[in-house]
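Residue numbers run from 1 in the order of the sequence given.
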Amino acid sequence: MSRWKELPAHLHPQIRQLIVRLRRLKDHGELSTRQLAAKTGYSTRSWDRYLSGRSLPPREAVEAMARVGGDDPARLLVLHEIAAERWAEGRAASPGTPPGASAVPDRETGPMVRQPYGRFLRGAVAVGAVALVLSVSAALLLAVQLAEARAAVEGDRAGTVAAAPDATALDPASVLPARYTCRPERTDGRWYAGHSRTQDAVVAYGQVGPEVIEAQCLLRRAGVSPGDVDGIFGPLTQRAVKRFQTRDGLVVDGVIGRGTWEALRGATQK
């Protein structure tokens with residue numbers, strides 16, 4: 001058990017609560033600051049400052065400590081958010097201090113500047129919101145484009161006189177949204193659903209076609225639902241691929257390559 005020094009008297013009680021919680025996690029894990037630095041990626045000197053109350057640890061350091069100490073990250077991050085607000089309030093209450101000074105009050109020079117962590121938190125939230133809006137917009141755009149393409153193909157079919165089939169032409173409707181039937185059969189120890197026999201085609205988000213249909217059928221057979229079997233590699237299919245990759249110990253990237261095909265072809269139904 002570490003013998004901790006008394007925290008600075010000027011610290012707000014909610015900041016003290018966070019630091020005491022971090023100290024307990026370190027003691028519970030029986031970790032030295034050097035071991036803590038190796039496990040979290042933050043230096044020994046940084047942890048000395050954080051645990052002595054001279055600096056407020058960043059959000060990532062708190063989250064790393066929660067993982068190392070086996071604590072609930074969400075609860076610890078709530079404490080950190082509150083402490084960050086108090087830290088920023090303390091900084092605002094002491095304007096005019098020299099830039100670059102320590103956050104700990106000095107007996108001779110008075111209180112020093114505290115880092116504005118609240119501003120960083122607000123910036124991170126704004127960036128996350130923008131990324132979410134962009135991803136949703138991309139998914140909607142893909143759906144609209146596919147729907148328009150299918151409508152155009154059906155319109156062309158209705159107004160065109162039947163002609164002799166061209167064996168080399170690809171029917172556009174075959175890769176546009178529809179509902180397909182899965183007929184899984186096992187051949188030579190591998191599963192096939194009747195839409196593609198590929199073993200190594202790379203299939204990723206935004207693609208359409210028979211390989212996507214095959215993958216959706218095999219995901220269903222393996223007990224991981226991709227939603228409708230429509231031949232569109234959208235968000236539901238991507239999430240299903242990631243769940244399957246996690247379950248089978250594969251690289252979790254949401255992309256179907258050779259390794260994922262081999263697992264799908266030989267997967268045991270669950």
Side-chain angles (χ1 to χ4, degrees), residues 1-136 239 242 246 252:
M1 182 71 69
S2 302
R3 294 184 178 181
W4 296 106
K5 293 182 180 179
E6 190 70 22
L7 289 171
H10 71 280
L11 285 180
H12 191 282
Q14 289 173 322
I15 300 176
R16 297 171 69 91
Q17 183 181 6
L18 172 65
I19 298 173
V20 169
R21 185 70 170 270
L22 295 176
R23 286 179 171 186
R24 288 176 180 171
L25 287 176
K26 177 181 178 296
D27 289 341
H28 178 73
E30 299 181 352
L31 299 171
S32 66
T33 50
R34 181 173 297 180
Q35 291 171 326
L36 189 60
K39 289 178 177 289
T40 61
Y42 289 83
S43 68
T44 301
R45 185 174 298 179
S46 295
W47 278 114
D48 285 337
R49 293 198 308 271
Y50 302 156
L51 297 174
S52 64
R54 288 181 288 138
S55 295
L56 185 70
R59 177 186 178 91
E60 293 77 8
V62 173
E63 190 172 6
M65 172 69 94
R67 290 197 303 270
V68 170
D71 199 2
D72 179 11
R75 183 180 303 175
L76 205 58
L77 289 175
V78 170
L79 292 179
H80 175 269
E81 185 174 354
I82 296 172
E85 293 177 359
R86 300 295 173 263
W87 195 277
E89 290 171 0
R91 177 179 180 274
S94 56
T97 50
S102 170
V104 179
D106 185 84
R107 292 183 180 178
E108 297 180 357
T109 59
M112 302 298 181
V113 176
R114 293 173 172 81
Q115 296 297 325
Y117 289 99
R119 185 183 305 169
F120 296 155
L121 289 173
R122 290 192 294 272
V125 171
V127 171
V130 171
L132 178 61
V133 170
L134 290 175
S135 62
V136 171
R239 283 197 291 270
K242 289 182 177 180
T246 300
V252 181

**Report entry** Smallest separation among heavy atoms of Pro73 and Ala66, with atom names
**Finding:** CA-CB, 3.8 Å

Report task. Specify the closest pair of heavy atoms between His80 and Leu18, including all atoms of both residues, with the distance to one decimal. Result -> CA-CD2, 3.8 Å

Requested in this report: Could you go through the side chain to side chain contact (heavy atoms under 4.5 Å, CB included) check for Val20 and Trp4 one step at a time?
Outcome: CA-CA 10 Å; Val20 169; Trp4 296 106; over 6 Å; no

Query raised in the report: Taking side chain as C-beta onward, heavy atoms only, is Arg54 less than 4.5 Å from Asp48?
Result: yes

Report task. Please list, chain by chain and in numerical order, all residues satisfying side chain to side chain donor-acceptor pair (under 3.5 Å) with Ser46, sequence neighbours excluded. Result -> Ser43

Query raised in the report: Taking all non-hydrogen atoms of both residues, which atom of Met65 and which atom of Thr40 are closest, and how far apart?
Result: N-CG2, 4.3 Å

**Report entry** Distance, nearest 0.5 Å, that separates OG1 of Thr33 from CG of Leu51
**Finding:** 8.5 Å

Report task. List for me each residue that meets salt bridge (charged side-chain N to carboxylate O under 4.0 Å, His left out) alongside Glu30, sequence neighbours excluded, and say none if there are none. Result -> none

Query raised in the report: Do Arg16 side-chain atoms and Pro8 backbone N/O form a donor-acceptor pair below 3.5 Å?
Result: yes

Report task. Identify the two heavy atoms, one from Gly69 and one from Leu25, that lie closest to each other, and give their separation to 0.1 Å. Result -> O-CD2, 3.9 Å

Report summary line: Looking only at heavy atoms, the pair that brings Trp87 and Gly53 closest together is CH2-O, 3.8 Å

Report task. List for me each residue that meets salt bridge (charged side-chain N to carboxylate O under 4.0 Å, His left out) alongside Arg24, sequence neighbours excluded, and say none if there are none. Result -> none

Query raised in the report: Roughly how far, to the nearest 0.5 Å, is OG1 of Thr44 from CG of Leu36?
Result: 8.5 Å

Query raised in the report: How would you list all residue pairs meeting salt bridge (charged side-chain N to carboxylate O under 4.0 Å, His left out) that involve residues 60-72, not counting sequence neighbours?
Result: Arg21-Asp71

Report task. List for me each residue that meets side-chain contact (heavy atoms from CB on, under 4.5 Å) alongside Gln17, sequence neighbours excluded, and say none if there are none. Result -> Leu79

Query - Side chain to side chain, Pro58 and Tyr42, heavy atoms closer than 4.5 Å - result: yes

Query raised in the report: Shortest non-hydrogen contact from Ala61 to Trp47?
Result: O-CH2, 3.6 Å

Report task. If a pair satisfies salt bridge (charged side-chain N to carboxylate O under 4.0 Å, His left out) and one of its residues is in residues 31-41, list it, with sequence neighbours excluded. Result -> none

Query - Student check: side-chain heavy atoms of Arg86 and Glu89 closer than 4.5 Å - result: yes

Query raised in the report: Does the Arg59 side chain pair with the main chain of Leu77, one donor and one acceptor, at a distance under 3.5 Å?
Result: no

